[in-house]
Amino acid sequence: LTISTLIMLGGIGFLIISELWRRMPHTREEVRRLSLHTKLAIVTTLILVVSGTAAIAVLEWDNTLAGLSTSHKILCAYFQSVTTRTAGFNTIPNGSLTGVTLLVCVLLMFIGACPGSCAGGVKTTTAATLALLAASKLKGQEYTQAFCRTIPNQSITRAINVVLISMTLVGAAVM
């Protein structure tokens, strides 16, 4: 838990830690005053950690995690979800993971951590921007919004470009 907490702090990034340190939100009103960047990064990080943990636990419950107690299974899945996006450590052998679990890990690695952090990837805010864009288009909305704020079209275009260029580079490297 100590190592995974340190990994998450490193993956959240210096800008977000600095903003949280300066503002230390204790009430809902103070949370509302945080920047859109900080809110998107934190919420996306939490979603990725929880969904990654759940996916790895479900997919590996009777495979790689089979010999462990329930609490250890969840803890190993959590650690694998956290470390896959940023650090690259493991507590379960990666060679024993199923193909679907490896795909989940690749997706987590592709997204990576937050901007200004010690990790790679296309960044959590980029992934969140694209997810919000998709949701707004499915709802028929003209503008993309998050936390009652509109995301500028320039930021959306930049996010699309970053993901397309990254996918091209990763695809070329794999080939």
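Residue numbers run from 1 in the order of the sequence given.
- Tyr78 OH to Thr91 OG1: the interatomic distance, rounded to the nearest 0.5 Å, is 12.0 Å.
- With a 4.5 Å cut-off on side-chain heavy atoms, Arg158 and Thr126 do not count as touching.
- Residues Leu20 and Leu34 share a closest heavy-atom pair of CD2-CD1, 4.0 Å.
- Here the side chain of Ser117 pairs no donor or acceptor atom with the backbone of Ala113 at under 3.5 angstrom.
- A single hydrophobic cluster is not seen to contain both Leu102 and Val100; linkage of ILVMFWY side chains at heavy-atom distances under 4.5 Å, directly or through other members, places them apart.
- The closest donor-acceptor contact from the side chain of Thr64 to the backbone of Glu60 lies at 3.5 Å or more, if one exists at all.
- Contact detail for Lys137 and Glu142: the closest heavy-atom pair is NZ-O, 3.8 Å.
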### Task
Apply the test side chain to side chain contact (heavy atoms under 4.5 Å, CB included) to residues Ile156 and Ile151: give CA-CA distance (whole Å), side-chain angles for both, the deciding distance (0.1 Å), then the verdict.
CA-CA 7 Å; Ile156 293 170; Ile151 299 174; 3.9 Å; yes

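- Of the residues listed (Ile42, Leu48, Thr44, Val49), the one engaging Leu46 in a side-chain contact (heavy atoms from CB on, under 4.5 Å) is Ile42, and it is the only one.
- Of the candidates Asn90, Thr101, Asn94, Thr53, Asn94 is the only one forming a side chain to side chain donor-acceptor pair (under 3.5 Å) with Gln80.
- In the hydrophobic clustering of ILVMFWY residues, with side-chain heavy atoms under 4.5 Å counting as a link, Leu130 and Leu36 come out together.
- Atom CG of Leu164 and atom CG of Leu169 lie 11.0 Å apart (nearest 0.5 Å).
- Linking Ile, Leu, Val, Met, Phe, Trp and Tyr whenever their side-chain heavy atoms come within less than 4.5 Å leaves Ile56 and Ile7 in two separate clusters.
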### Trace of the side chain to side chain contact (heavy atoms under 4.5 Å, CB included) decision for Val162 with Lys123
CA-CA 10 Å; Val162 165; Lys123 304 300 178 196; over 6 Å; no

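- Every pair passing salt bridge (Lys or Arg N to Asp or Glu O under 4.0 Å) that includes a residue from residues 8-21 is listed here, sequence neighbours excluded: Glu19-Arg23.
- Contact between Ser96 and Asn63 at its shortest, heavy atoms only, is O-ND2, 2.9 Å.
- Closest of all the heavy-atom pairs between Ser4 and Phe79 is CB-CD1, 3.9 Å.
- Taking all atoms of both residues into account, the shortest heavy-atom contact from Cys76 to Leu65 is CB-CD2, 3.7 Å.
- Note on Ile74 and Val50: separate hydrophobic clusters, where clusters join Ile, Leu, Val, Met, Phe, Trp and Tyr whose side-chain heavy atoms are under 4.5 Å apart, directly or indirectly.
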#### Entry: Ile160 and Thr129: CA distance, side-chain angles, deciding distance, side chain to side chain contact (heavy atoms under 4.5 Å, CB included) verdict
CA-CA 9 Å; Ile160 292 169; Thr129 300; over 6 Å; no

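- Note that the CD1 atom of Ile16 and the OG1 atom of Thr38 stand 5.0 Å from one another [nearest 0.5 Å].
- Annotation: the span from Leu68 atom CG to Ile92 atom CD1 amounts to 8.5 Å, rounded to 0.5 Å.
- Put simply, CG on Leu40 and OG1 on Thr125 are 7.0 Å apart, with the number rounded to the nearest 0.5 Å.
- Here the CD1 atom belonging to Ile12 is positioned 11.5 Å from the SG atom belonging to Cys118, to the nearest 0.5 angstrom.
- Looking only at distances, no side-chain donor or acceptor of Thr150 sits under 3.5 Å from a matching main-chain atom of Gln145.
- Judged by distance alone, with hydrogens and angles left aside, the side-chain atoms of Ser136 form no donor-acceptor pair with the main-chain N or O of Gln141 at under 3.5 Å.
- The number of heavy atoms from other shown groups lying within 6.0 Å of CZ (Phe147) is above 12.
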### Task
Check the pair Phe110, Val163 against side chain to side chain contact (heavy atoms under 4.5 Å, CB included), reporting the backbone distance first and the verdict last.
CA-CA 9 Å; Phe110 184 77; Val163 169; 4.3 Å; yes

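- Considering only heavy atoms from C-beta on, Val122 stays 4.5 Å or farther from Met167 through its side chain.
- Residue Arg85 comes nearest to Thr124 through the heavy atom pair NH2-CG2, 3.6 Å, listed as atom of the first residue, atom of the second, then distance.
- Side-chain atoms of Thr5 come within 3.5 Å of backbone atoms of Leu1 as a donor-acceptor pair (strictly under, hydrogens ignored).
- Clustering ILVMFWY residues whenever any of their side-chain heavy atoms sit less than 4.5 angstrom apart, transitively, puts Val43 in the very cluster that holds Leu132.
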